[in-house]
Number of protein chains: 2
Amino acid sequence: MTRLVIIGGSDAGISAALRAREVDPSVEPTLVIADRYPNFSICGLPFYLSGEVSDWRSLAHRTKDEIEQAGIRLLMDHHAKAIAAEKKLVQVVDRQGGTREVQYDRLVIGTGAESIKPNIRGIDLPGVFLLRWMDDSFAVYKWLTEHESRSALIVGGGYIGMEMADALSFRGLSVKVVEFAKTVLTTVDGPLGEQVAAELERHGVKVVTGVGIESIDAEGQSLKVQGTKEFNAQVDLVLVAVGCRPSTTLAAGAGIQTGLKGAIKVNRRMETSVPDIYGAGDCVETWHNLLKKYTYLPLGTTAHKQGRVAGENAVGGNREFEGSLGTQAVKIFDLVAGRTGLRDTEAQEAGFDPFTDHLETWDHKVYYPGAEKMIIRITGDRRTQRLLGAQILGHRRSEVSKRIDIFATALFSNMTIEQLSDLDLSYTPPLSSPWDPVQMAAQAWIKRLRGLSVQ
Amino acid sequence: MTRLVIIGGSDAGISAALRAREVDPSVEPTLVIADRYPNFSICGLPFYLSGEVSDWRSLAHRTKDEIEQAGIRLLMDHHAKAIAAEKKLVQVVDRQGGTREVQYDRLVIGTGAESIKPNIRGIDLPGVFLLRWMDDSFAVYKWLTEHESRSALIVGGGYIGMEMADALSFRGLSVKVVEFAKTVLTTVDGPLGEQVAAELERHGVKVVTGVGIESIDAEGQSLKVQGTKEFNAQVDLVLVAVGCRPSTTLAAGAGIQTGLKGAIKVNRRMETSVPDIYGAGDCVETWHNLLKKYTYLPLGTTAHKQGRVAGENAVGGNREFEGSLGTQAVKIFDLVAGRTGLRDTEAQEAGFDPFTDHLETWDHKVYYPGAEKMIIRITGDRRTQRLLGAQILGHRRSEVSKRIDIFATALFSNMTIEQLSDLDLSYTPPLSSPWDPVQMAAQAWIKRLRGLSVQ
């Protein structure tokens with residue numbers, strides 16, 4: 001029986017364990033987990049902090065009992081301190097400092113990522129938070145409730161920043177978002193980012209762009225935040241969400257090769273440079289399906305897929321990770337923003353000759369009540385007219401995220417933009433048009449590439 | 001300049017005209033239209049009759065002025081009586097009986113379909129209606145308002161029957177649906193059809209299955225409807241919606257070959273058997289992308305695509321219709337049912353070795369408010385594990401129709417069911433799960449095929 005040890009109990013680790021059991025039911029994987037929260041949906045933290053999720057326990061994809069009943073042994077509150085690859089041992093330390101060694105035949109590393117802590121004076125003050133794990137979340141929750149916070153400043157206008165602006169507003173706080181770039185949500189193009197900023201403002205969130213935060217000072221019960229361009233604010237809580245970096249100290253210490261941003265180098269079988277050690281999730285480099293090269297693209301969906309491949313191969317399987325397209329969606333108040341594939345600049349850097357344009361159109365037949373406008377932005381190659389990427393911004397009821405998935409599925413099959421019009425997509429007046437908006441945008445892209453006007 | 005004449009002003013005809021103008025702006029197509037309602041969304045009729053669409057004029061995809069400004073000449077209220085193919089003439093008759101001839105170089109026939117009028121005694125009585133064109137709709141509307149109808153019986157539990165049950169209930173009528181088959185909505189499998197029936201009943205609609213209607217009699221101000229199994233009902237209005245057949249008297253009279261159910265035979269360039277005459281929409285046979293043969297599958301989406309191909313080729317283009325998958329969606333009260341590709345029996349008949357199974361799962365992470373269950377039913381080939389078709393039933397807010405489109409896009413690319421798990425689909429807790437329900441259903445299909453249990 002293969003002794004399978006997995007370090008990390010989040011998406012990648014649990015997926016690896018479950019898949020290993022599916023492929024070889026004789027295997028009883030041991031999961032080493034640094035905290036007491038295996039298989040928690042950390043993507044759900046904003047909804048716990050908003051109050052929409054009343055009990056944090058419901059954030060667990062599976063309960064501890066369910067995981068154990070699935071044949072997985074949990075070693076919780078154990079930090080993996082070192083890997084002795086030549087002896088196939090993992091040294092683990094419990095909360096009391098007690099050390100023990102765990103023997104493996106195959107090891108999967110799924111240590112994830114950690115929040116980037118930018119160089120801001122005062123970042124360690126009480127009331128200033130990073131947000132990644134359950135414990136971070138509990139700390140924010142405690143502060144919010146014990147201090148009855150009425151205002152918050154969020155440093156960073158990315159996915160977590162946007163979701164937390166929504167969440168803390170929902171909770172009743174007055175919220176400011178400060179982003180260093182020219183627009184918020186820089187994972188989509190400027191025209192969409194500006195609409196997102198407008199949506200935030202409509203819901204009472206103050207958006208400040210082009211400003212870098214420099215210092216935080218305690219002033220009585222509140223925090224004084226200062227930045228470039230004479231930025232100045234007084235708030236009850238500061239949340240710093242400026243991205244993450246792979247947690248790979250353990251792997252690097254074991255002599256495992258790392259690459260981009262310090263992420264573990266893996267092949268498409270999710271094997272690291274050290275025999276019998278696999279890596280998956282936010283701690284590894286990710287194969288990009290379109291770029292045909294490795295990138296650093298930490299996403300929960302990808303972690304699940306990579307974990308599944310690692311788990312299968314760790315028990316003798318032979319599967320390859322098919323790659324990421326960077327497909328993402330986020331709900332921000334009443335809007336959803338989604339993207340998949342490459343944007344114009346990314347496509348240019350990859351050697352394509354991209355053309356990018358967008359169409360604004362209705363999500364369904366306008367005669368049926370509740371029609372909302374959506375923006376569909378397409379990037380394609382001028383020469384081959386191959387689809388390279390898409391972005392959509394629309395109402396949360398406009399099926400934006402699954403429309404992005406039509407593009408994602410088309411990208412996986414290397415479709416041209418013209419071929420999108422050939423797809424037999426569903427239509428009923430309350431939900432679409434005879435040409436789905438995705439197809440209207442494709443037809444508009446082709447017309448504009450040819451210099452024709454679009455009705 | 002090509003003299004392009006198009007018979008029919010609905011989806012196929014208008015698409016052909018618009019595409020012809022795009023490809024060759026020198027062409028000024030003439031559209032011969034039997035009524036005064038060019039480019040109306042006949043899929044929208046139920047929503048006009050429900051009262052959700054207050055003005056029938058808003059059902060027009062484009063106004064008359066917009067069509068004419070697009071360079072299309074409209075010959076409204078003109079019935080095309082005969083085609084003299086050897087002379088390239090179409091004989092048209094106006095409402096006063098005045099006849100004239102229109103010369104063409106290329107002709108597109110888009111005469112559509114007509115409601116099937118079943119053999120029911122009393123079907124021509126006042127208060128008994130078919131529903132296909134604007135004039136049908138006006139007649140129903142007039143009856144509903146002038147007679148203050150309080151109850152209706154719908155014969156037929158297909159798409160139109162379901163939408164009209166929803167629409168007339170919305171209007172406040174007491175509604176009965178009578179379907180000859182064992183369940184309603186026979187375009188999806190029994191387990192889904194039963195859920196649809198339950199949804200109708202939840203909204204006060206009486207559903208009677210396994211009964212054929214035999215006679216309708218006027219009794220005072222109301223109609224007495226009788227059927228098999230001693231069925232008996234007294235209502236104010238009867239709507240008969242038992243399907244449609246291609247309107248091809250004109251084409252057949254001109255010596256154009258017809259086939260399945262009398263539909264016009266076309267090739268994938270949408271050429272009929274007679275030179276320079278094209279056909280598109282509900283009056284033609286439809287190439288099936290999966291079956292690789294012709295079927296009769298009248299759908300508005302298909303009519304648009306076929307019209308576009310016919311219009312392009314009629315002005316010298318060379319494009320092929322890529323085929324239909326029979327993708328459809330319908331909203332019934334709070335549910336949406338969608339399907340694409342083949343069902344088990346269809347796949348069997350086509351020589352596949354199908355396995356069909358479904359998974360019931362949540363539309364998004366259940367910890368986020370508003371999660372609803374959905375049923376995803378997949379048909380695939382046992383041997384090759386190729387995806388053959390999918391059906392989904394879920395809440396109208398569950399992105400059912402665009403999830404069906406993920407399957408439709410995958411079908412166009414001949415994906416296997418395993419490959420669905422490789423797709424990089426979008427995720428955010430309010431809208432999906434890290435494995436989208438589409439992927440969960442794919443994984444469950446594979447497990448069940450292998451005889452494994454599904455969690």
Side-chain angles (χ1 to χ4, degrees), chain A residues 11 22 41 43-44 47 52-53 58-59 289 299-305 308 322-331 336 338 340 365-369 396-397 399 401-406 408-410 412-413 415 419 421-432 434-436 447 452, chain B residues 11 22 41 43-44 47 52-53 58-59 61 289 300-305 308 322-331 336 338 340 365-369 396-397 399 401-406 408-410 412-413 415 419 421-432 434-436 447 452:
Chain A
D11 297 344
E22 269 177 28
S41 174
C43 299
F47 312 110
E52 289 158 287
V53 174
S58 64
L59 292 182
N289 180 280
L299 288 165
T301 45
T302 304
H304 276 82
K305 291 183 187 78
R308 191 171 187 253
E322 288 297 324
S324 167
L325 293 166
T327 311
Q328 299 167 51
V330 60
K331 182 194 89 66
V336 171
T340 185
K365 287 309 300 179
V366 72
Y367 59 72
Y368 187 85
R396 57 183 298 200
R397 297 297 187 207
E399 309 204 7
S401 75
K402 297 304 124 184
R403 282 190 162 107
I404 271 294
D405 289 348
I406 297 172
T409 307
F412 246 76
S413 306
M415 283 191 190
Q419 283 178 302
S421 286
D422 294 330
L423 292 176
D424 186 13
L425 304 180
S426 66
Y427 161 55
T428 180
L431 298 170
S432 185
W435 295 107
D436 189 80
K447 281 187 199 168
L452 300 173
Chain B
D11 296 343
E22 267 177 28
S41 173
C43 299
F47 312 109
E52 289 159 286
V53 174
S58 63
L59 291 182
H61 290 301
N289 179 279
T301 44
T302 304
H304 276 82
K305 291 182 187 77
R308 190 170 188 255
E322 288 299 322
S324 168
L325 294 166
T327 311
Q328 298 167 51
V330 59
K331 183 195 88 68
V336 170
T340 186
K365 287 310 300 179
V366 72
Y367 59 72
Y368 187 84
R396 58 184 297 201
R397 298 296 188 207
E399 310 204 7
S401 75
K402 297 303 123 185
R403 282 192 161 107
I404 271 295
D405 290 349
I406 297 172
T409 307
F412 246 76
S413 306
M415 282 192 191
Q419 284 179 302
S421 286
D422 294 330
L423 292 175
D424 186 13
L425 305 180
S426 67
Y427 161 56
T428 181
L431 298 169
S432 185
W435 295 108
D436 190 80
K447 281 187 200 170
L452 300 174

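Below, each value reflects all heavy atoms present in this structure, side chains not excepted, and no hydrogens, waters or symmetry copies. All chains are named by letter (A, B, ...) in the order of the sequence lines, taking the proteins before the strands, and each is independently numbered beginning at 1.
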Kindly give the heavy-atom pair with the smallest separation between A:Y367 and B:C43, and that separation in Å. OH-C, 4.0 Å
A:D436, A:V366, A:L299: which one forms the most heavy-atom pairs within less than 4.5 Å of chain B? A:D436
Options B:S58, B:A303, B:A329, ranked by heavy-atom pairs under 4.5 Å with chain A, top entry: B:A329
Closest-packed option against chain A by number of heavy-atom pairs under 4.5 Å, given B:D11, B:T302, B:V53: B:V53
Restricting to side-chain hydrogen bond (donor to acceptor under 3.5 Å, both in side chains), what partner residues turn up for B:T340, sequence neighbours left out? B:T327
Rounded distance [0.5 Å steps], CG in A:L59 versus OG in A:S41: 6.0 Å
Proximal component of B:E52, with respect to chain A [non-hydrogen, under 4.5 Å]: both
Taking side chain as everything from C-beta outward and backbone as N, CA, C, O, which of these in B:K365 sits under 4.5 Å from a heavy atom of chain A? Side chain, backbone, both or neither. side chain
Could you tell me which of B:A408, B:G300, B:P430 has the largest number of non-hydrogen atom pairs under 4.5 Å with chain A? B:P430
Would a distance-only check, ignoring hydrogens and angles, find a side-chain to backbone donor-acceptor pair under 3.5 Å from B:T409 to B:D405? yes
At their closest point, which heavy atom of A:F412 faces which heavy atom of B:D422, and how far apart are they? CZ-O, 3.1 Å
Honestly, the part of B:S421 sitting under 4.5 Å from a heavy atom of chain A is both
May I ask you to check whether B:S426 and A:Q328 show a side-chain donor-acceptor distance below 3.5 Å? no
Between B:R396 and chain A, with a heavy-atom cut-off of 4.5 Å, which part of the residue counts as in contact: side chain, backbone, both or neither? both
Which region of B:Y427, side chain (C-beta onward) or backbone (N, CA, C, O), has a non-hydrogen atom less than 4.5 Å from a non-hydrogen atom of chain A, or is it both or neither? both
Among B:T301, B:L425, B:N289, B:L452, residue most engaged with chain A (heavy-atom pairs, under 4.5 Å): B:L425
In terms of heavy-atom contacts, B:D424 and A:S324 come closest through OD2-OG, 3.4 Å
Please state whether the side chain, the backbone, both or neither of B:I406 comes within less than 4.5 Å of a heavy atom of chain A. both
Could you give me the CA-CA distance, side-chain angles and deciding distance for B:S413 and A:S413, then say whether side chain to side chain donor-acceptor pair (under 3.5 Å) is met? CA-CA 6 Å; B:S413 306; A:S413 306; 2.9 Å; yes
Is A:I404 in contact with chain B via its backbone, its side chain, both, or neither, using a 4.5 Å heavy-atom distance? side chain
Residues which pass side-chain contact (heavy atoms from CB on, under 4.5 Å) with B:E22, listed by chain and number, not counting sequence neighbours: A:K447, B:R19
Largest heavy-atom contact set with chain B, pairs under 4.5 Å, which of A:K331, A:E322, A:M415, A:R397: A:R397
